[in-house]
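Quick note: residue numbers are just sequence positions, from 1.
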Amino acid sequence: MATWVHAQDFVTISGKVTDYQGHAVDSCNVIIYNPDFTEAYETYSDSTGHYKLEGVAKGRYAALAAMRVNEYPRMQQVAPQDMKLEFWAWNVIAESDITLNLSYGKLELYGTTAFLEYGGRREMLIYTRPMSVTKAIAYQNYMDKADAEKHSIVTVEPQYMSFEVKVDGKPMKIYSTQPLTMKNQDGNPGNDTCYLLQVELPADIYNHTGRPYEVRVTGYNSQNDERGESVYYLEAPHYKHK
């Protein structure tokens, strides 16, 4: 029996990769991950920085990651000053075509998650964990991932971190930035520093329809002059009512 696959069962995810000076980044590896973190789709940016993932089955994916593989520290293919960490987009809801432009650098914002607080406060809360490539490669045995995770701390202290948040490209006011001391679960006696950002809500949050919001968090580490960003796709709430 023949199985017919319709074009509307698939979407395209595309965009442009640039550095923080606005220059196009070619040969950037872009990967979409399934919920179990197996690789679902993969492509590379071209000479103009553009990438395109076509034929992506509609659905929900855990994440999209991007960077030039040779710039990853443990590859040891570039000089230390040129090493970088990944860009991540989380909760990728691929129900229609997505345009995702991105930059990545020496600061990785990992695990970024946005959610709403219900009740008397109209606000969005964003969790993120900034990791510094400078701190990562300062550990003499950083090539041994298991050893490095047990003996080095690569997150960034509050006195050095600042953030910006945009929702669908619009800058949002950050009401407060709360550092969180998070105990490691891998035997490291040190604690990671993560952050909880208290941010204004999009004005149309309670009647927003259509595609999810693109919540983009950009971080800056003043200690090592490092920048990085990540994205979380946030669905507006929809409740049935009479």
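- M182 and C194 make their closest contact through CG-SG, 3.4 Å (heavy atoms, listed as atom of the first residue, atom of the second, distance).
- Counting heavy-atom neighbours within 6.0 Å of E164 CD, excluding the residue itself, gives a total of 12 or less.
- Under a cut-off of 6.0 angstrom, the local environment of CD in Q140 is sparse, with at most 12 non-hydrogen atoms contributed by other residues, nucleotides or ligands.
- Between L107 and M131, the closest side-chain pair of non-hydrogen atoms is not below 4.5 Å.
- The aromatic ring centres of Y110 and W88 sit less than 6.0 Å apart.
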Output, in order, the C-alpha distance, side-chain angles, deciding distance and verdict of side chain to side chain contact (heavy atoms under 4.5 Å, CB included) for V56 and I32. CA-CA 9 Å; V56 176; I32 298 178; 4.2 Å; yes

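- Both Y61 and V30 are assigned to one and the same hydrophobic cluster, defined by single-linkage of ILVMFWY side chains at heavy-atom distances under 4.5 Å.
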Apply the test side chain to side chain contact (heavy atoms under 4.5 Å, CB included) to residues N188 and E149: give CA-CA distance (whole Å), side-chain angles for both, the deciding distance (0.1 Å), then the verdict. CA-CA 7 Å; N188 191 325; E149 289 180 347; 6.0 Å; no

Between D19 and Y104, is a side chain to side chain donor-acceptor pair (under 3.5 Å) present by the stated rule, with each step listed? CA-CA 7 Å; D19 61 23; Y104 70 95; over 6 Å; no

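- Checked by atom type, the side-chain pair E42/N29 shows a donor-acceptor distance below 3.5 Å.
- The shortest side-chain heavy-atom distance between I205 and P237 falls under the 4.5 Å cut-off.
- A pairwise comparison of heavy atoms in M67 and C28 identifies N-SG, 3.4 Å as the closest pair.
- Only one option out of T112, V231, T128 pairs with W90 in a side chain to side chain contact (heavy atoms under 4.5 Å, CB included); it is T112.
- Between K16 atom NZ and N101 atom CG the span is 8.5 Å, to the nearest 0.5 Å.
- Taking the centre of each ring, F163 and Y195 come in below the 6.0 Å mark.
- Residues E235 and I93 have side chains in contact (heavy-atom distance under 4.5 Å, counting atoms from C-beta outward).
- Side chain of R74 to backbone of Y142: a donor-acceptor contact under 3.5 angstrom is found.
- In terms of heavy atoms, N184 sits closest to G190 at ND2-O, 2.7 Å.
- Atom-to-atom distance recorded for N191:CG and I153:CD1 is 7.0 Å, nearest 0.5 angstrom.
- Ion pairing between a basic and an acidic side chain is recognised when a charged N comes within 4.0 Å of a carboxylate O; K166 and E229 show no such pairing.
- Separating the NZ atom in K170 from the CD atom in E214 is a distance of 15.0 Å, to the nearest 0.5 Å.
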Take Y72 and L85, measure what side chain to side chain contact (heavy atoms under 4.5 Å, CB included) needs, and give me the verdict at the end. CA-CA 6 Å; Y72 190 70; L85 295 176; 4.1 Å; yes

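- In the hydrophobic cluster analysis, where Ile, Leu, Val, Met, Phe, Trp and Tyr join through side-chain heavy atoms closer than 4.5 angstrom, I174 is grouped apart from F115.
- Atom CG of D192 sits about 8.0 Å away from atom CG of D186, to the nearest 0.5 Å.
- Between E71 and D82, the closest side-chain pair of non-hydrogen atoms is not below 4.5 Å.
- When side chains are defined from C-beta on, L201 counts as touching Y206, because their heavy atoms get closer than 4.5 Å.
- In summary, the side chains of Y139 and D147 do present a donor paired with an acceptor at a separation below 3.5 Å, with no hydrogens or angles considered.
- No salt bridge links E226 with K135; every basic N to acidic carboxylate O contact stays at or beyond 4.0 Å.
- By the criterion of side-chain heavy atoms lying less than 4.5 angstrom apart, applied directly or through intervening Ile, Leu, Val, Met, Phe, Trp or Tyr residues, L64 is grouped together with V25 in one hydrophobic cluster.
- N70 has its side chain within reach of V78: a pair of non-hydrogen atoms, C-beta onward, lies under 4.5 Å apart.
- Between the side chains of D204 and Y213, at least one donor N or O sits under 3.5 Å from an acceptor N or O.
- Side-chain atoms of T38 never come within 3.5 Å of backbone atoms of N34 as a donor-acceptor pair (strictly under, hydrogens ignored).
- Using a 4.5 Å heavy-atom cutoff, the side chains of E95 and R211 are not in contact.
- Using a 4.5 Å heavy-atom threshold, the side chains of I98 and V11 count as separate.
- Salt bridge status for R68 with D26: present, with a side-chain N to carboxylate O gap under 4.0 Å.
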Determine, step by step, whether Y175 and L197 satisfy the side chain to side chain contact (heavy atoms under 4.5 Å, CB included) criterion, reporting the C-alpha distance in whole Å, the side-chain angles of both residues, the deciding distance to 0.1 Å, and the verdict. CA-CA 8 Å; Y175 297 129; L197 310 180; over 6 Å; no

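- Across every non-hydrogen atom of L109 and V217, the tightest pair is CD1-O, 3.4 Å.
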